[in-house]
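Below, read A as the first sequence line, B as the second, and so on, with proteins coming before strands; counting in each chain starts at 1.
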Amino acid sequence: MLQVNFIRDNKEQVIAGMQTRNYKGAQLAVDKVLMLDDQRKSTQTELDTILAANNKISKEIGGLYKQGKRDEAEGLKAQVESQKGRVKELEEEMRQVKVKLRDALLEIPNVPHPNVPPGNTDEDNEVFQDWSKDLPEMGADAQPHWELGKKYNLFDFELGVKITGAGFPLFRGRGARLQRGLINFFLDAAHKAGYEEFMPPLLVNEDSARATGQLPDKEGQMYHATKDNLYLIPTAEVPVTNICRDVILNEKDFPIKMTGHTPCFRREAGSYGKEVKGLNRVHQFEKVEIVQVVHPEKSYEVLQEMVKYVEGLLQQLKLPYRILTLCGGDLGFTSALTYDFEVYSAAQKRWLEVSSISNFETYQSNRLKVRFKGSDKKTHLAHTLNGSALALPRIIAALLENNQTAEGIKIPKAIQSYVGMEIIS
RNA sequence: GGAGGAGUGGCAGAGCGGUUGAAUGCACUGGUCUUGAAAACCAGCAUAGGCGAGAGUCUAUCGGGGGUUCGAAUCCCUCCUCCUCCGCCA
């Protein structure tokens, strides 16, 4: 979430940003935050005044007892005692106003970067780099990946249903090896690019889920192990970013580059139809995530670097891709600027999103409390960024569909040594 | 899962009801000294929030939450984490 003081100092900018996102009632939401903050301040001022007086008297009582002046001490005791009711009231008021303020702040989205194009839906996203000119033509007999998976026995949705339910694919044989090879390929690439590799826990506690913003906003998106009150991670972003929670860094620690492969669990409640056919949308999938925590002055430079990095991966895989700048209406609530990567799925004749790279500026770090000591010796919030590099199912879908030939599915050179095959036939 | 012990500043470690936001040591930062460094010496060194132009000042925080008390790091309850022993187990 945004800092109250930032909202106070940049009120017009915050409201304008909310309008870019087609947020209704921006002015009202912002005024509510400021009003609640004023209320918080005045309550604290009153409370602090009483507490200061009480503390002072209590110290005097200590002195009086030492001198044996019991009667005087008793009188002062009564004086403090008389304030207790009011203190309780104010403390309760404080608690309530803080909760209200937090809730109001959660309603305020991040301020979009000036480069964010206006617009309402994914139709309005700006194609910032496009390879659509030489899209592969597969012919009428081209098969979608779910047919190819069946044909070559790479994955089995029916068995996934039997074991768990819809949306839990079972990879087998060469399909499983293809996936494992790709994961290793992505992890090795991240390692070469200077990211530290992590294998984090796949269940997280409430604090972690709250810090990266899954709670309370996206509660329904996560699987919840209620007995232990733990959540299955919807992305490695959650455990990996939480490494830096409540940490005060030194400027020389930047940039912090982290990566990790994890399964991701998403309930995707309400999804159905063609959009979710095959591997297009599933409840459990593999993903390699990259996360950076950087100095605020560097974050947009780093965002470009991350885009270039993901671009490099797709080029090595020889997949036709395009990069989109998300418009105001499609931009994630917590992001200031997001680039989506889509690969072309030749048999389905559609673009599939495989990566989303975002700069959250301080929006995430404010909740995480990731700070650093600047050269001015003060603490400041760091900027956080993350992106998929990459999500597996749709990459696999596109690889299978685009590389199908009469002889079989050709494995791109870059990953042959990882997969241990040149062709799936 | 059962029994016992413990959680204090970046680290180590005192304090166990009264001016203790917290001794001391180490680390760190600045200074003196030195050709430079080390050593020695001097000074500084938590986070968040309120008030204030600022100097500053007040409040909260000694694993988390709650309670007792005029007053809690110190007493009580509860939860969490770590250590030791037993049980179970890939």
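- Rounded to an integer number of Å, the gap from NZ of K41(A) to P of G52(B) is 9 Å.
- Here the P atom of nucleotide U19(B) and the CG atom of L76(A) are 17 Å apart, to the nearest Å.
- Ring-centre distance between F155(A) and F157(A): below the 6.0 Å cut-off.
- Regarding contacts with the backbone of U47(B), every side-chain N or O of R371(A) stays at 4.0 angstrom or more from both OP1 and OP2.
- In this structure, CD of Q83(A) is placed 17 Å from C1' of U69(B), rounded to the nearest angstrom.
- Both distances falling under 3.5 Å, in either a Watson-Crick or a G-U wobble arrangement, occur for no nucleotide opposite G21(B).
- RNA chain B is contacted by both A78(A) and R95(A); R95(A) maps to the nucleotide lying nearer its 5′ end (nearest heavy atom per residue).
- Considering only side-chain N and O atoms, S58(A) lies nowhere under 4.0 angstrom from the phosphate OP1 or OP2 of G17(B).
- The residue L47(A) sits apart from the nucleic acid: no heavy atom pair falls under 4.0 Å.
- Following rounding to the nearest Å, I61(A) (CD1) and U19(B) (P) show an atom-to-atom distance of 13 Å.
- The aromatic rings of F254(A) and H295(A) stand perpendicular to each other, their planes meeting at an angle above 60°, with 30° marking the opposite boundary.
- In the set U47(B), G50(B), C70(B), the nucleotide with an atom closest to the side chain of Q44(A) is G50(B).
- A48(B) is paired with U59(B) under the Watson-Crick or G-U wobble criterion, all donor-acceptor distances under 3.5 Å.
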TODO: List the steps, then state whether side-chain hydrogen bond (donor to acceptor under 3.5 Å, both in side chains) holds for N386(A) with E237(A).
DONE: CA-CA 7 Å; N386(A) 68 42; E237(A) 170 198 340; 3.2 Å; yes

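- Closest-nucleotide positions on RNA chain B for N55(A) and D37(A) were compared, and the one nearer the 5' end corresponds to D37(A).
- Of the candidates A60(B), C70(B), C58(B), the closest approach to any side-chain atom of A52(A) belongs to C58(B).
- Between U19(B), G50(B), A48(B), one nucleotide has an atom nearer to the side chain of K59(A) than all others, and that is U19(B).
- Here A27(B) sits opposite no nucleotide as a Watson-Crick or G-U wobble pair (both hydrogen-bonding atom distances under 3.5 Å).
- As judged by a 4.0 angstrom heavy-atom cut-off over every strand, S42(A) is placed among residues making no nucleic acid contact.
- Pair assignment for G9(B) gives none, since no Watson-Crick or G-U wobble pairing has each distance under 3.5 Å.
- Under 4.0 angstrom from either OP1 or OP2 of G71(B) there lies at least one side-chain N or O belonging to K84(A).
- Look at R40(A) and you'll find a side-chain N or O under 4.0 angstrom from OP1 or OP2 of G50(B).
- Using a cutoff of 4.0 Å between basic side-chain nitrogens and carboxylate oxygens, K308(A) and E305(A) are not scored as salt-bridged.
- Between K373(A) and U47(B) there is a side-chain N or O to OP1 or OP2 distance below 4.0 Å.
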